[in-house]
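These values consider heavy atoms only, across backbone and side chains, with no hydrogens, waters or symmetry-generated copies. Whatever order the structure lists ligands and atoms in, that order sets their numbers, starting from 1. This chain uses plain numbering: 1 for the first residue, then up along the sequence.
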Amino acid sequence: MLDLKALKSRLPAGSLGEPLHYFESTGSTNDIAIELASQGAPAGTLVLADEQTAGRGRLDRSWSTPQGAALAFSLLVRPGTPPADRLMSLNSLGALAVAEALEGLGLAAKIKWPNDVLLADRKVAGVLVESGWRGEELDYVVLGIGVNVKEGSAPPDEAVRWPATSVEAALGSRVDRLNLLVGVLESLDGWLGRFGTKDLQTAWERRLAYLGEAVELHGRQATLEGTLLGLSADGRLRLRDQAGVERIVGQEYMSLRPLDRDGT
Ligand code: BTN
């Protein structure tokens, strides 16, 4: 169980985490945040759970959040931050915030585009962005983040497509989940108003996994191979394809893997 009183006293001033909805156990914090959003909850609303019984990942995968062992939370963002045409970049922004918080603990985290955070090439956190529209207009965006903190929270290799780890396994010592959560929120708070800036692009690229390496992108329609060059200012991926042409690709591709590895 998380110490809510301590969390409330440490939330980034006047911004994220107000109001805060805490559940000892719930299905999915994203589902709760979506429901709150449709009832008119304000931007900055934070839904936090100690355990998720139906946690969801991208591409219809499940996400495990065992009790007392992980961080699982969803933040409500309203249109404008980011603009509707930059929703894709919210995935990488969530991953960047986790990476920065982990760096605060002395760990070197990488972002596997678009939404995974890696420690020593193993996945430690994932981001699930879901949005709601009113006709043509973007109504809300929910930024869901899950971090494996304690050793028991990382699923075994045979249960996942990409090997997982936990913050404590990588660090070799105990980690306070609240400290980590506050670190992620502080980083998010700093970046949310800075979509499209060179600073954000640089911060992403410094942590981009497989930069300069041969990668394969998988989409619903196609697969693309090339050398990873970096990110565009709006969080799409820049790569040089096999014909030597520089391409910028976005959500038409859902997952990436280096060419010397299996899994996505
Ligand atoms: C992924 O890597 O596929 C994304 C995982 C996202 C998991 C988080 S945990 C908090 C929020 N609630 C959910 O049901 N999913 C996200």
Side-chain angles (χ1 to χ4, degrees), residues 2 7 16-17 20-38 41 45-77 87-99 101-102 109-119 121-132 140-150 152-157 159-167 177-178 180-181 184-185 188 209 218 220 235 251 253-257 263-264:
L2 287 149
L7 172 63
L16 309 181
L20 170 67
H21 298 262
Y22 174 69
F23 297 84
E24 277 181 32
S25 181
T26 191
S28 156
T29 55
N30 263 34
D31 288 345
I32 307 266
I34 287 169
E35 199 178 316
L36 290 168
S38 66
T45 297
L46 182 67
V47 182
L48 173 67
D50 192 41
E51 176 191 42
Q52 290 188 124
T53 54
R56 293 187 284 109
R58 286 172 72 240
L59 313 176
D60 291 328
R61 292 173 188 161
S62 62
W63 181 266
S64 150
T65 308
Q67 189 178 36
L71 275 179
F73 59 95
S74 302
L75 185 71
L76 178 57
V77 181
L87 277 188
M88 176 86 204
S89 55
L90 207 52
N91 281 293
S92 305
L93 194 132
L96 171 63
V98 174
L102 293 175
K110 292 277 182 195
I111 298 170
K112 183 164 94 64
W113 185 89
N115 75 320
D116 292 343
V117 183
L118 307 180
L119 288 174
D121 224 20
R122 287 180 163 259
K123 178 163 169 170
V124 70
V127 179
L128 178 66
V129 175
E130 297 184 296
S131 52
Y140 64 83
V141 187
V142 166
L143 171 61
I145 297 184
V147 187
N148 307 327
V149 182
K150 312 277 165 195
S153 61
D157 287 357
V160 285
R161 288 165 190 253
W162 188 276
T165 189
S166 63
V167 183
R177 285 184 295 159
L178 272 195
L180 191 59
L181 173 61
V184 177
L185 292 175
L188 281 175
H218 290 269
R220 281 199 184 82
Q251 54 200 354
Y253 290 96
M254 286 108 51
S255 62
L256 172 153
R257 69 174 182 89
T264 55

Task: Nearest-contact summary for atom 2 (O) of ligand 1 - protein heavy atom, Å - done: Lys123 NZ, 2.5 Å
TODO: Heavy atoms only: give me the nearest Ala70-Thr65 pair and the separation to one decimal.
DONE: CB-CG2, 4.0 Å
Task: Option among Asp31, Asn30, Thr45 that satisfies the side-chain hydrogen bond (donor to acceptor under 3.5 Å, both in side chains) test with Ser74 - done: Asn30
Task: Ser74: numbered ligand 1 atoms lying under 4.0 Å from its heavy atoms - done: 11 (C)
- [ ] Would you check whether Val127 reaches within less than 4.0 Å of ligand 1, judged by its heavy atoms?
- [x] yes
TODO: With heavy atoms under 4.0 Å as the rule, classify the contact between Asn115 and ligand 1 as side chain, backbone, both or neither.
DONE: side chain
TODO: Please report which non-hydrogen protein atom sits nearest to atom 9 (S) of ligand 1, along with the residue it belongs to and the distance in Å to one decimal place.
DONE: Gln52 NE2, 3.4 Å
Open item on the list: Considering non-hydrogen atoms of the protein only, which is the closest contact for atom 10 (C) of ligand 1, and what is the distance?
Closed with: Thr29 OG1, 3.2 Å
- [ ] Show your reasoning for whether side chain to side chain contact (heavy atoms under 4.5 Å, CB included) applies to Ile145 and Leu71.
- [x] CA-CA 8 Å; Ile145 297 184; Leu71 275 179; over 6 Å; no
Task: Ionic contact status for Asp157 with Arg122, cut-off 4.0 Å - done: yes
Open item on the list: If you apply the rule side chain to side chain contact (heavy atoms under 4.5 Å, CB included), what do you find for Leu46 with Leu185, and how did you get there?
Closed with: CA-CA 10 Å; Leu46 182 67; Leu185 292 175; 4.0 Å; yes
Open item on the list: Regarding ligand 1, does Arg56 bring an N or O atom to under 3.5 Å of one of the ligand's N or O atoms?
Closed with: yes
Task: Distance from atom 5 (C) of ligand 1 to nearest protein heavy atom, with residue and atom - done: Trp63 CE3, 3.4 Å
- [ ] Check Arg58 against Met254 and note the closest heavy-atom contact, atom names and distance.
- [x] NH2-O, 2.6 Å
- [ ] Tell me which protein heavy atom sits closest to atom 3 (O) of ligand 1, plus the residue, atom name and distance to 0.1 Å.
- [x] Arg58 N, 2.7 Å
